[in-house]
Amino acid sequence: MDEVTFKSDTVLSDVHLYTPNQRHLMVRLNSMGQPVFLSQFKLVWNHDCWTDSGTQGDDHRDVPTEETPAGTGSTGFSPGSGCSSEESPTRAGAEVTDQEGAGAQLDEDGDLDVVRRPRAPSDPDPARPPRDKVHPMILTQEEDEVPGDKARESSTHDIIRIEHTMATPLEDVGKQVWRGALLLADYILFQWDLFQGRTVLELGAGTGFASVVAATVAQTVYCTDVGADLLAMCQQNIALNSHLTGSGGSVVKVRELDWRKDELCTDPEVPFSWSEEEISDLYNHTTILLAAEVFYDDDLTDALFRTLLRLAHRLKNTCVAILSVEKRLNFTLSHLDVTCEAYDHFRSCLHQLEQLREGPLRFAVEPVEASFPQRLVYQRIRQLELWKIFVEPVT
C-alpha cells in the first residue's frame with residue numbers, strides 16, 4: 001500500500017486564526033498579487049485589563065482589544081505610566097451584555113423574546129445608533145502606498161499599525177504576525193531598561209513588529225530579513241509607526257541579512273543593502289540580538305545559529321540574544337504519535353552552542369519565565385517560550 005501523505009499549501013497564523021471577528025482592513029495587493037491587510041494592535045496599560053500570564057496549564061489568557069479603530073485610545077506611550085484613560089472595550093461590552101441579560105424579555109412560553117432591528121433605513125427608535133454604512137474600497141497595486149500624512153493623522157500613542165498578509169505559503173510566513181513576536185514585544189516592554197539607548201539587531205524580522213516595539217526605547221534598530229517584497233513591507237510598517245519610533249530620536253534601518261551568506265550585501269544597486277558605515281556601526285555598537293518565531297525549518301534553524309555564532313565573533317561588545325519560539329505539536333504518520341521535531345531541533349542547537357569550548361567566547365543559555373505582564377492581545381499558551389543566550393569572552 002502506498003504511503004499516505006497530507007499536504008497543505010498555505011499556513012495561517014494563530015494570531016489571525018483565533019480572532020476571526022476582528023477587523024483586518026485589506027489595503028492593497030503586493031507585488032506578488034497577495035492581499036495585504038492593515039491591523040491595529042492596542043497596548044493595554046490598565047493593570048485591571050490584563051491577566052498575569054503564567055505558564056501553568058493550558059488556559060488561554062486573552063487581554064482585551066487587539067485591534068481598535070484608528071484615532072481612538074489614550075495618548076502617552078510610556079510603560080509603567082499607569083492606567084489608560086479608556087476602559088477596555090471588551091470589558092465594557094461584557095458589562096453591557098450582563099445588563100441586557102438581567103433585563104431579558106421572555107414571551108408567554110418562557111422563551112427569549114428577541115427584539116430585532118428594523119430593516120428600514122430610518123430607525124424609529126432614536127436612542128439606538130444608526131447602522132454603519134459599508135463603503136467599498138478600491139484596491140491598488142503596491143506602488144500606491146498608504147499616504148504617510150493620513151496615517152499620522154489617525155495614529156495614537158498606544159496603537160501599533162501593522163501591514164501583513166494572511167494564509168501564505170510556507171516560504172512567505174514572515175509576512176504574517178505570529179504569537180512569538182507578540183511575546184517578544186511584551187518582554188521588550190517589560191525589560192525597558194535593558195533596551196534603553198542600545199543598538200539592537202533583529203534577525204528574521206518578518207513584518208517588523210518586534211523591531212517597532214524595540215525602537216520605542218532603543219537608540220538604533222537594524223530590522224533584517226530577506227526578500228525585497230518582505231523588506232518593503234517592513235519599511236512600510238516602520239513608517240506607519242513613526243509616531244512611536246521617532247518620538248525619542250530612535251533610528252530604524254531595514255536591511256537585508258541572509259543567514260546563508262557569510263557577508264552582508266554592500267552592492268548599492270541591491271535594495272536594502274548595507275553601507276560600510278552601517279556595517280561598522282553594527283559591529284561596534286550592537287549588544288542585543290532578537291529573533292522571533294523563526295525555528296520552523298531545521299535547515300533555517302541551523303543557518304540562524306551559524307549566523308549568531310558568526311555575529312558573536314564579529315561584535316566588539318558582549319551581547320545577549322533573545323529568542324522566541326513556540327513549541328508546535330504535530331501528529332506524524334512516521335511516528336504515529338504527536339511530536340515537535342522543529343522545537344526539538346531548536347533545543348538541540350541551543351545545547352550544542354552551550355557546549356562549545358573552542359574559541360574566545362562562551363555561550364550561556366537560560367530560559368525566561370513568561371510571567372511578565374501582557375500588554376498585547378494574544379493567547380499566551382505554555383508552548384510559547386523565551387530563551388536568552390549570553391555571549392561573553394573567555395576569562
Side-chain angles (χ1 to χ4, degrees), residues 181 184 187-188 191-206 208 210-226 231 234 245 249-267 272-292 294-295 300-325 346 349-368 386-395:
L184 181 57
Y187 185 74
I188 295 171
Q191 291 286 349
W192 196 260
D193 293 341
L194 176 63
F195 292 83
Q196 183 73 43
R198 300 297 186 93
T199 297
V200 179
L201 168 64
E202 184 178 10
L203 302 170
S211 288
V212 168
V213 176
T216 62
V217 61
Q219 179 179 348
T220 305
V221 177
Y222 289 100
C223 176
T224 68
D225 215 309
V226 292
L231 292 172
C234 280
T245 60
S250 300
V251 177
V252 186
K253 298 184 178 182
V254 179
R255 294 293 179 264
E256 178 186 280
L257 197 157
D258 192 338
W259 305 341
R260 296 175 176 176
K261 296 180 180 179
D262 293 337
E263 302 297 332
L264 302 176
C265 178
T266 57
D267 186 352
F272 304 102
S273 59
W274 298 73
S275 67
E276 295 295 339
E277 292 77 11
E278 291 169 343
I279 295 177
S280 176
D281 177 69
L282 175 73
Y283 292 152
N284 289 333
H285 300 104
T286 299
T287 55
I288 300 177
L289 293 87
L290 305 175
V294 296
F295 308 102
L300 288 178
T301 299
D302 291 339
L304 174 64
F305 275 91
R306 288 195 299 269
T307 300
L308 286 175
L309 189 62
R310 182 168 60 250
L311 288 171
H313 284 87
R314 294 180 180 179
L315 298 180
K316 299 296 179 62
N317 301 305
T318 59
C319 64
V320 57
I322 307 173
L323 313 179
S324 172
V325 62
F346 164 75
C349 290
L350 282 179
H351 179 72
Q352 294 175 21
L353 187 65
E354 194 172 27
Q355 295 302 311
L356 287 178
R357 291 294 179 264
E358 298 179 359
L361 300 176
R362 291 293 178 267
F363 300 87
V365 178
E366 69 176 35
V368 178
L386 274 181
W387 291 83
K388 276 187 176 181
I389 303 175
F390 297 93
V391 183
E392 297 181 349
V394 177
T395 57

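Values below: all heavy atoms of this structure, side chains included; hydrogens, waters and symmetry mates excluded.
Residues Val221 and Thr245 fail the side-chain proximity criterion, which asks for heavy atoms closer than 4.5 Å. Within the 4.5 Å cutoff, the side chain of Phe390 has heavy atoms near those of the Glu366 side chain. Here the side chains of Leu289 and Val320 are not in contact, with every heavy-atom distance at 4.5 Å or above. Looking at Arg362 and Glu354, their side chains never come closer than 4.5 Å, going by heavy atoms from C-beta outward. The closest side-chain heavy-atom distance from Ile322 to Trp387 is not below 4.5 Å. Contact check for Leu309 versus Leu356: side-chain heavy atoms found under the 4.5 Å cut-off. Residues Thr224 and Glu202 fail the side-chain proximity criterion, which asks for heavy atoms closer than 4.5 Å. At a threshold of 4.5 Å between non-hydrogen side-chain atoms, the residues Ser273 and Cys265 count as touching.
Within a 6.0 Å sphere centred on NZ of Lys261, heavy atoms belonging to other residues, nucleotides or ligands number 12 at most.
Annotation: Tyr222 is in aromatic contact with Trp274 [ring centroid separation under 6.0 Å].
Residues that satisfy the ring-ring contact (aromatic ring centres under 6.0 Å, His included) test with Tyr187, not counting sequence neighbours, are Phe372. Phe195 pairs by the ring-ring contact (aromatic ring centres under 6.0 Å, His included) definition with nothing, not counting sequence neighbours.
For the side-chain contact (heavy atoms from CB on, under 4.5 Å) with Cys349, the qualifying choice from Leu308, Leu304, Asp302 is Asp302, the only one to do so. Considering Val294, Leu257, Leu290, Leu323 in turn, Leu257 is the only one that fulfils the side-chain contact (heavy atoms from CB on, under 4.5 Å) rule with Leu203.
Using modelled atom types, one finds no donor on one side chain facing an acceptor on the other under 3.5 Å when comparing Thr318 with Glu392.
For residues 282-291, the set of pairs meeting the side-chain hydrogen bond (donor to acceptor under 3.5 Å, both in side chains) definition, not counting sequence neighbours, comprises Arg198-Thr287, Ser280-Asn284, Asp281-His285, Tyr283-Arg314, Asn284-Lys316.
One finds the CG atom of Leu311 at 13.0 Å from the CZ atom of Arg306 (value rounded to the nearest 0.5 Å).
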